[in-house]
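Please read through the structure below; I'll follow up with questions.
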Amino acid sequence: MSYDHKSIESKWQERWETEKVFQVTEDASKPKFYNVCMYPYPSGAIHQGHVRNYTYGDLLTRYKTMQGYNVLSPMGWDSFGLPAENAAIDSGIHPKSNTENQISTMSAQIRQLGSMYDWNREIASHQPDFYRWDQWLFLELYERGLAYKAEAPVNWCPKDQTVLANEQVIDGLCERCDTPVVKKNLAQWFFKITDYADRLLDDIEELEHWPARVRTMQRNWIGRSVGATFSIDIEGADSFDVFTTRPDTVFGMTFCVLAPEHPLVESLIDGSETETEAREYIAAAQRQSEIERMAEGDKTGVFTGAFAINPVSGAEVPIYIADYVLMGYGTGAIMAVPGQDQRDWEFATKYGIDIIRTVQPPDDWDGEAYLDDGLTINSDFLNGLNQIEAKKRIIAWMEEEAIGKPTVQYRLHDWLISRQRYWGSPIPMVNCDHCGLVPVPKEGLPVLLPDIEDYVPKGKSPLAADDDFVNTTCPSCDGPATRETDTMDTFVDSSWYYFRYADPHNSTAIFDPAKPAYWMPIDQYIGGIEHAVLHLLYARFITKVLFDMGLSTVEEPFTRLFTQGMITMDGAKMSKSKGNVVDPVDLFASHGADSLRLFHLFIGPPTDDAAWNPNGVDGTRRFLERVWKLASGDVAFIDRDESEADREILGTAHRTVRKVTEDIDRFRFNTAIPALMILANELAEYVSEGPRQETYDEAIRLMLLMLSPMAPHIAHELWEIRGNEEMLALQDWPAWDEQLAREEMVTMIVQVNGKVRDRVEVATGITPEEAEEQALGLDKIQGWVDGHEVRKVIVRQPNLVNIVIE
RNA sequence: GCCCGGGUGGCGGAACGGUAGACGCGAGGGGCUUAAACCCCCUUGAGCCGAAUGCGGCUCGUGUGGGUUCGAAACCCACCCCGGGCACCA
């Protein structure tokens, strides 16, 4: 009987599904384990990245199930979004039918991998019974003042013809199509994530099982700065506010800078002697993208002709326009303190502006701006104080004078969720000439996405051209009104979908809070590192909102986060555009899903990028062939008492159980597989040397149990062939016997001056004295030691003796 | 510029401060076969020595240079290179 992966794999996939092995309900009698792989965009075909992700996820589902956990592992589809719409524009296929075709192809492929989910809970964000609750959530946020519409300069992608969230702009380019992003003033919908900035930042501390770099990235993204905002008077005109983290250095302010877009600029330069120059500078700044501005490096600017009054010293200082000050951060205006800020230093030196140090640098200081702590100087009533004291003092002074107050600034902006695209969840709001913005009543949800003919974006949502959709009546006054035509960012869907898995068919509520109360938080969340700030930050935010609404019992959704590395080939990420893809479906046919799964587990540390080896799957296939032969073939047993060989192979098997268990718990699959290979190799040798039935049966039993979460199809088939009636997936994960796992003999290495000179087999229980005596007694060691004085002997029995000689 | 990772055979990678290179891939040799594939066995970091056929031994070797230690791929210092993240954020 040969190993026919095709029939075995389809047989077991069918059985797992029809016997509902991985369908679960809340069960208070068992510990729960909520295991989620980030739900995929239905691109139409799975790639090796999916295989890696789902292999890890499925291994964990099966392993934890065997350990007695009530494991929920659901699957769904992030099925709204631009690719489906762009495909519709290119090929004329409706996004809905296109998406649904791709979902059915992909879910068939995921099943072929043998990755098991509770398909009963499958969700897809493009379905009305899902996006209805997007809209419901939007309205809840609106009622809480957490959703608002505002005119703001936004990131506009000229190719996709839609706005982008800050998080979707990478190096000034659209994250989807790499088109340079431009700024545009538009009225858009925002979620007020900044209200949660402190909580999102503080709770990062609790995420101890998250990768450190993801936590750092989120911390940087939120970008909290503590300081003060105060007002600066302009000679003969208005005043303006500045934010600074160094109010203690205000005596050293020798100029001010406004961003070119600052609203006060126009009135300051109008009629000034530098007006022409200033207007040219502003126009040039507008033409440039942010990347170009940064690329220049050199600080440039123009004097406005106006002067500001330093509020503490009364000094008159010039006001400049310079593009190194950004309108999008703080107040768009700064006090410039060249003595303590390197950028200001560079600007001051270039334009011949005074520099006053207000912090005493060390005597040997030969740098430019001095940023570290020191005694305050040249600062009247702050003199002699250190930075902390000086900050307290000056902020108190500003509050007394009513010109300033302590402030916290964030780099994080509110989350822009409007998209001028078709394939998304419509924003459930109505514009009425009489009542203004009116929310659609929750009973009226969902606001259905209508079928339309033309998806080509023309600067506004394609929905805007559909009169039947747009024209409606006002829920408040019954007068004529128009609908919002923007749709929501798909990251809104993905920020709460994992709650819906707990109660996916609920038609009267987003979910019954009792259900996620059992399952949440997600014990293990697995996905790509590319979501480090986007999805993972939004999801944390929405979870906190749900918590505040009383719908979630947890404030943090993901206890453990695992981010897998990419699969590369020839040094580049495997991708269609680079033409270096290896289709998993081909490998299902040629080698089988089990071989492919094992290869992904074996290829390297799960967090690291891994290079695809075209022959790698051959290797894991060979291993499975050996296992097959070993466990399914006829074995000539010898009827005899237990011997040394039997105890040895059982010892290996139990040590393997220990190692594999520890490795899985530490996500070190790449060392668990070799342990199984070694066991199989030793078992083969054992069998060839005259096995005893009881020993053989036990070793094979342990091996199949361990193989079950990794290569489930073949393991199940062999389990059944060997006469077991109950399915392998339902067995307990094996425990190892410390007694059996302990080795009797071990190789002790003997070093002379730290260099290995001999090895000797010793009993594990050897005493230090015996070890030293044995080591010194070895002929080879005598040869090294003779004629030298032994200065010291280091004994680490039973593994090592090191003899230190002259 | 700042903050994280990481540099180990031909390749992917192993290695509680204690036998560097597990396991796998590839390569070379041999067996089986009419032949090939599959499969099985042996060899496989570099250099060298003694024997004489598969035996034994030595030196070097984990990016570079120093250090700590009986002992360093691992710890410390400096530097080089690669990957990622952040970046006029006041």
Side-chain angles (χ1 to χ4, degrees), chain A residues 2 170-171 211-221 223-225 227-229 242-247 249 256-257 259 290 293-300 322-326 328-337 340-344 346-347 409-412 529-530 532-533 565-566 568 571 598-599 602-605 607-620 622-623 625-626 629 668 670-678 680-681 684 688 747-759 780 783 791-796 799-805:
Chain A
S2 70
I170 311 295
D171 294 334
R213 64 171 172 155
V214 175
R215 293 190 297 164
T216 306
M217 282 163 75
Q218 292 216 352
R219 231 177 259 127
N220 291 341
W221 191 266
R224 183 181 142 109
S225 296
T229 305
V242 295
F243 169 74
T244 178
T245 54
R246 293 296 302 275
T249 64
C256 290
V257 185
E290 276 186 42
R293 279 203 201 180
M294 280 189 281
E296 290 199 359
D298 210 26
K299 306 273 171 295
T300 59
D323 63 7
Y324 78 92
V325 172
L326 309 174
Y329 185 78
T331 62
I334 61 159
M335 70 161 189
V337 186
Q340 273 77 230
D341 184 287
Q342 185 61 27
R343 294 155 302 178
D344 297 345
E346 285 165 27
F347 194 87
Q409 269 292 328
Y410 301 94
R411 209 189 76 105
L412 181 72
I529 184 71
E530 66 273 19
V533 280
M566 287 184 313
T568 62
L598 282 186
F599 177 64
F602 182 62
I603 191 168
T607 41
D608 291 6
D609 289 353
W612 182 262
N613 175 347
N615 300 102
V617 190
D618 292 339
T620 48
R622 272 197 280 270
F623 165 63
E625 294 274 6
R626 283 202 301 276
K629 225 179 283 173
R668 303 191 48 166
N670 58 314
T671 50
I673 304 297
L676 286 168
M677 288 175 166
I678 291 167
N681 291 345
S688 73
T747 306
M748 180 171 82
I749 60 165
V750 183
Q751 300 178 329
V752 177
N753 284 350
K755 286 185 193 291
V756 180
R757 296 304 181 191
D758 206 357
R759 312 173 160 82
K780 227 180 267 175
R791 299 211 336 223
K792 205 194 299 192
V793 179
I794 285 151
V795 183
R796 297 280 180 276
N799 295 309
L800 169 127
V801 172
N802 185 15
I803 298 154
V804 185
I805 60 174

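Within every chain, numbering begins at 1; the chains are lettered A, B, ... in the order of the sequence lines, protein sequences first and strands thereafter. Model, not experiment: these values are computed from the prediction.
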Which is true for A:I334 with a 4.0 Å heavy-atom rule: it touches a base, it touches only sugar-phosphate, or it touches nothing?
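Counting heavy atoms under 4.0 Å across all strands, the contact made by A:I334 includes a base.
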Please report the distance separating the P of B:rC23 from the corresponding atom of B:rA14, rounded so that it comes out in whole Å.
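So the two P atoms sit 14 Å from each other.
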Can you work out whether A:W221 or A:A333 has the more 5'-proximal nearest nucleotide on RNA chain B?
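Comparing both residues, the 5'-ward one is A:W221.
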What is the distance, rounded to the nearest whole Å, between atom CD of A:Q342 and atom C1' of B:rC89?
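Rounding to the nearest Å, CD of A:Q342 and C1' of B:rC89 are 16 Å apart.
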Please report the distance, rounded to the nearest Å, between OH in A:Y410 and P in B:rA90.
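In whole Å, B:rA90 P and A:Y410 OH are 13 Å from each other.
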For B:rG17 versus B:rC11, give the span between their P atoms, rounded off to a whole number of Å.
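It comes out at 27 Å once rounded to the nearest Å.
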Of A:T216 and A:M335, whose closest RNA chain B nucleotide lies nearer the 5' terminus?
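Nearest nucleotide further toward 5': that of A:T216.
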May I have the distance from A:I673 (atom CD1) to B:rG12 (atom C1'), rounded to whole angstrom?
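For the pair A:I673 CD1 and B:rG12 C1', the rounded distance is 15 Å.
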Quick one: list whatever passes salt bridge (charged side-chain N to carboxylate O under 4.0 Å, His left out) with A:R626, sequence neighbours left out.
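Per chain and number, A:R626 pairs via salt bridge (charged side-chain N to carboxylate O under 4.0 Å, His left out) with no residue.
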For nucleotides 15-18 of chain B, list the nitrogen or oxygen atoms of the protein found under 3.5 Å from its nitrogen or oxygen atoms, one pair per line.
residue: B:rA15; atom: OP1; partner: A:R668; partner atom: NH2; Å: 2.5
residue: B:rA15; atom: OP2; partner: A:R668; partner atom: NH2; Å: 3.3
residue: B:rG18; atom: O6; partner: A:R796; partner atom: NE; Å: 3.4
residue: B:rG18; atom: N2; partner: A:Q751; partner atom: OE1; Å: 2.9
residue: B:rG18; atom: N2; partner: A:N802; partner atom: ND2; Å: 3.3

With rounding to the closest Å, how many angstrom separate the C1' atoms on B:rU69 and B:rC81?
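Rounded to whole Å, the distance is 29 Å.
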Give one of base, sugar-phosphate or nothing for A:R215, where a contact means two heavy atoms less than 4.0 Å apart.
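Result for A:R215 = nothing.
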What residues form a side-chain hydrogen bond (donor to acceptor under 3.5 Å, both in side chains) with A:T245, not counting sequence neighbours?
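Counting only residues at least two positions away or on another chain, A:T245 forms no side-chain hydrogen bond (donor to acceptor under 3.5 Å, both in side chains).
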Select base, sugar-phosphate, or nothing to describe what A:G619 touches, counting heavy atoms under 4.0 Å on all strands.
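Contact class for A:G619: sugar-phosphate only.
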Report yes if a side-chain nitrogen or oxygen of A:T245 is closer than 4.0 Å to either non-bridging phosphate oxygen (OP1 or OP2) of B:rC89; otherwise report no.
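Checking B:rC89 against A:T245, no side-chain N or O comes under 4.0 Å of OP1 or OP2.
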Would you indicate what A:R219 reaches in the nucleic acid, counting non-hydrogen atoms under 4.0 angstrom: base, sugar-phosphate, or nothing?
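Nothing: the residue A:R219, judged by heavy atoms under 4.0 Å, touches no strand.
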It should be established whether A:N670 places a side-chain nitrogen or oxygen under 4.0 Å from OP1 or OP2 of nucleotide B:rG13.
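For A:N670, the contact criterion (side-chain N or O under 4.0 Å from OP1 or OP2 of B:rG13) is not met.
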Is the phosphate of B:rG56 approached by A:R757 (side-chain N or O, under 4.0 Å from OP1 or OP2)?
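A:R757 to B:rG56 OP1/OP2: no side-chain N or O under 4.0 Å.
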Has A:R626 got a side-chain N or O lying under 4.0 Å from the OP1 or OP2 atom of B:rG24?
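The answer is yes; a side-chain N or O of A:R626 sits under 4.0 Å from OP1 or OP2.
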Take atom CZ in A:R215; do more than 12 heavy atoms of anything else shown fall under 6.0 Å from it?
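Counting other residues, nucleotides and ligands, CZ of A:R215 exceeds 12 neighbours.
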For RNA chain B, the expected dot-bracket line (Watson-Crick or G-U under 3.5 Å, [ ] crossing, | inter-strand) is (((((((..(((.....[....)))((((((.......))))))((((((....))))))..(((((..]....))))))))))))....
Of the candidate nucleotides B:rC25, B:rA90, B:rG13, which contains the atom at the shortest distance from the side chain of A:R343?
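The nucleotide sitting nearest to the side chain is B:rA90.
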Is the distance from OP1 or OP2 of B:rC60 to the nearest side-chain N or O of A:K755 less than 4.0 Å?
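A:K755 to B:rC60 OP1/OP2: side-chain N or O found under 4.0 Å.
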Hey, does A:P614 reach any base, or is it just sugar-phosphate, or nothing, if we go heavy atoms under 4.0 Å?
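Counting heavy atoms under 4.0 Å across all strands, no contact is made by A:P614.
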Touch check for A:N681, heavy atoms < 4.0 angstrom, all strands: base, sugar-phosphate only, or nothing?
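Sugar-phosphate contact only - A:N681 comes under 4.0 Å of backbone atoms but never of a base.
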Is the glycosidic angle of B:rG9 within 90° of 0, making it syn, or outside that range, making it anti?
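Glycosidic conformation of B:rG9: syn.
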Extract from the structure each pairing of a protein N or O with an N or O of nucleotides 36-38 of chain B at less than 3.5 Å, listing the distance.
none

CZ (A:R791) with more than 12 external heavy atoms under 6.0 Å
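Not buried by this count: 12 neighbours or fewer within 6.0 Å.
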Which parts of nucleotides 4-10 of chain B does protein reach within less than 4.0 Å, heavy atoms only, written one letter per nucleotide 5' to 3' as B for base, S for sugar-phosphate only and - for none?
-------
